[in-house]
Amino acid sequence: MRVSLPRASVFLFAAALAASACDNGDIPITPAPPTVTETFAGMLSTNGATVYPFIVSAASGGRVTATLNTLDPSTIPIGMSLGTWNGATCSIVVDTPAAIQTSAISGTTSTVASLCLRVYDASGTVPTDTPVNYSVSVVHP
């Protein structure tokens with residue numbers, strides 16, 4: 001008994017067979033988790049500090065970068081830190097005590113994490129009569 005297949009079926013079968021035979025051994029690339037950008041803004045006074053908690057929700061973690069977008073007046077450096085957040089305290093991990101506009105700091109987490117950004121007057125350089133306005137963007141998974 002002979003079975004006859006329509007030409008289209010034969011072609012599809014041959015194409016599927018050929019495709020399944022091709023394996024170049026490449027390891028599949030896992031896409032990076034999507035990133036989130038959070039912007040924090042405020043006013044910094046002499047010897048002041050503000051902490052902004054945020055959550056890295058990607059199970060695989062990833063790179064966290066904080067960038068000082070605006071600083072007014074721009075001639076006064078301020079401090080920026082990234083750290084871990086326990087619900088009450090920001091434990092500093094990465095710090096720059098003299099950030100100016102466009103300065104950035106970054107670190108990496110390997111899992112879901114409660115983190116924080118701390119913006120502060122590093123050495124009493126913010127004048128008592130002129131607070132500093134700032135905005136910082138934090139990009140994280």
- Is a side-chain donor-acceptor pair under 3.5 Å present for Arg63 with Ser106? yes

- Message: Return the OG1 to NE2 distance between Thr37 and His140, rounded to the nearest 0.5 Å.
- Response: 8.0 Å

What are the two closest non-hydrogen atoms of [X] and [Y], and how far apart are they?
X: Ser91; Y: Cys116; value: N-SG, 4.4 Å
X: Pro77; Y: Ile100; value: CB-CG2, 4.2 Å
X: Tyr120; Y: Ser81; value: CE2-OG, 3.4 Å
X: Thr109; Y: Ala113; value: OG1-CB, 3.7 Å
X: Ala104; Y: Thr65; value: CB-CG2, 4.3 Å
X: Met43; Y: Asn133; value: CE-OD1, 3.4 Å

- Task: Could you check if a side-chain atom of Val51 sits within less than 4.5 angstrom of a side-chain atom of Trp85, using non-hydrogen atoms only?
- Result: yes

- How about Glu38 and Ser137: do any of their side-chain heavy atoms sit closer than 4.5 Å? no

- Say whether, by atom type as modelled, one donor and one acceptor occur between the side chain of Thr70 and the main chain of Ser135 under 3.5 angstrom.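 A pair under 3.5 Å: yes.
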
- Sub-3.5 Å donor-acceptor pair from the side chain of Asn86 to the main-chain atoms of Cys90, do we have one?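 Not a single qualifying donor-acceptor pair exists.
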
- Any chance you could pull the hydrophobic cluster mates of Leu68, using side-chain heavy atoms under 4.5 angstrom and chaining through other members? Phe40, Leu44, Tyr52, Phe54, Val56, Val64, Leu71, Ile76, Ile78, Met80, Leu82, Val93, Val94, Ile105, Leu115, Leu117, Val119, Val126, Val132, Tyr134, Val136, Val138

- Report, as yes or no, whether the 6.0 Å neighbourhood of atom CD1 on Ile92 holds more than 12 heavy atoms from other residues, nucleotides or ligands.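 Buried by this count: over 12 neighbours within 6.0 Å.
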
